[in-house]
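Heads up: the structure comes next, in structure tokens.
In what follows, chains are A, B, ... by sequence order, proteins preceding strands, each numbered from 1.
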2 protein chains.
Amino acid sequence: MKRAKKKVFADFMSQKGLKSTKQRDIILDCFLSSDRHLSIEELYLKLRSKHPNIGYATVYRTLKLFAEAGIAREMQFGDGQTRYEHVSEGEHHDHLVCTRCGHIEEFENETIEKLQDEVANSRGFLIERHRLEIYGLCANCRK
Amino acid sequence: MKRAKKKVFADFMSQKGLKSTKQRDIILDCFLSSDRHLSIEELYLKLRSKHPNIGYATVYRTLKLFAEAGIAREMQFGDGQTRYEHVSEGEHHDHLVCTRCGHIEEFENETIEKLQDEVANSRGFLIERHRLEIYGLCANCRK
DNA sequence: AATGTCAATGAATGTCACTTTCATGATGGC
DNA sequence: GCCATCATGAAAGTGACATTCATTGACATT
């Protein structure tokens, strides 16, 4: 899966006439071996420990590239930081966010999606995308 | 209803030992007679036309007060601006957001809420709140 | 190997939307 | 009216991006 995404990114880059560089490889490796929901800042700090002279701007631009290439997706959870999550081919999911420990879980629910379509249709609304987030305490933090 | 909210706010203020001022009255009036989803900037500009020397910081602080008093609620729709919506006693609703004209519609769906509860329960998650936003084209912009 | 070409990099700077500070100005209780 | 507080608004500060630009580096050409 890590290998598959590397290929997707490599293909995207060559198709766009963009170059493969040390930094981009390092950032991709680090991203793929990280949490599913990572902010630019977090990834930047994680990288700095091993590669002290990689720039914030490079991390920022490279994550944008990942998003364009379809291997990452930008997310806002309302804490003022953009997070990037891994994307697997065509999937969609929503989130359970723990307000105590920050833990993020994913879920899918076909019925909810269907009901959303109904709501949108009844208003003449054409859906492009949606976001559903449930905030609360995760099982661990309830103890 | 406008009158009721003014009372709620007046009660909140006196209970907190805060003062009633010209500015706060003006801002409350303007807020109550506005769109249901207004950014600080929008409200500030609207106010400036009639009250040129009211400060941005005052609008900002007063909206926070409205939120504390429970007559407004902070919302993020991912455009980088915080919006404040009117709150009516105990109600909850979700949003349809037009990505073209910025129009925001509200909706409620009991079944979706119930399904969310089920999802949360199955993960041992204790819900505090949730947000559901559907982004797309409104009926008008589809034409 | 030296040079040319051009995208990539990263330190520095800019931008935007708040958020706080602080010197002044209002308010409400006596 | 007096005064301890609170409120105001101009200005400065903050945090998280987003852009600039001089330099670097990778490959192609001489």
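Atoms CZ (B:F77) and C1' (C:dA17) sit 17 Å apart, rounded to a whole Å. Taking atom CZ on B:R48 and atom C1' on D:dT8, their separation rounds to 13 Å, with Å as the unit. Distance A:Q76 CD to D:dA16 P: 12 Å, rounded to the nearest Å. For the pair A:E74 CD and D:dA16 P, the interatomic distance rounds to 16 Å; values are reported in whole Å. Whole-Å rounding puts the B:F9 CZ to D:dA7 C1' distance at 12 Å. Atom CG in A:N53 sits roughly 10 Å away from atom P in D:dG25 (whole-Å rounding). Rounded to whole angstrom, the span from the NZ atom of A:K22 across to the P atom of D:dG25 amounts to 7 Å.
Between B:F9 and B:F66, the ring-plane angle classifies as perpendicular under the 30° and 60° cut-offs.
Between B:L65 and A:Y56, the residue anchored nearer the 5' end of DNA chain D, judged by the nucleotide with its closest heavy atom, is B:L65.
Under 4.0 angstrom from either OP1 or OP2 of D:dC17 there lies no side-chain N or O belonging to A:Y60. Within the structure, a side-chain polar atom (N or O) of A:Q81 is placed less than 4.0 Å from OP1 or OP2 of D:dC17. A:T82 has a side-chain polar atom (N or O) that falls below the 4.0 Å cut-off from OP1 or OP2 of D:dC17.
Base-pair partner of D:dT30: C:dA1 (Watson-Crick or G-U wobble, both distances under 3.5 Å).
Formation of a donor-acceptor pair under 3.5 Å by the A:R48 side chain with backbone atoms of A:L43 is not found in this model.
Closest to the side chain of A:R61, from the set D:dT20, C:dA26, D:dG9, is D:dT20. With D:dA18, C:dA26, D:dT8 as the choices, the nucleotide that has an atom nearest any side-chain atom of A:K64 turns out to be D:dA18.
Aromatic ring centres of B:F77 and B:H95 lie closer together than 6.0 Å.
Remark: A:S34 OG to A:L47 CG distance equals 8.0 Å, nearest 0.5 Å.
B:L132 and A:M75 are assigned to two separate hydrophobic clusters, defined by single-linkage of ILVMFWY side chains at heavy-atom distances under 4.5 Å.
Of the residues in residues 39-47 of chain A, not one comes within less than 4.0 Å of DNA chain C through any heavy atom.
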Nucleotide N/O of nucleotides 5-8 of chain C paired with protein N/O under 3.5 Å:
from  : atom 1 : to    : atom 2 : distance (Å)
C:dA7 : O4'    : A:K19 : NZ     : 3.4
C:dA8 : OP1    : A:K19 : N      : 3.2
C:dA8 : OP1    : A:R24 : NH1    : 3.0

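No more than 12 heavy-atom neighbours from other residues, nucleotides or ligands sit within 6.0 angstrom of CZ on A:R100. Residue-environment remark: NZ (B:K7) stays at or below the threshold of 12 foreign heavy atoms within 6.0 Å.
Taking the side chain as every heavy atom from C-beta outward, A:H93 and A:E85 approach each other to under 4.5 Å.
Side-chain contact of A:Y135 with A:E133: a donor-acceptor pair under 3.5 Å is present, judged by distance alone.
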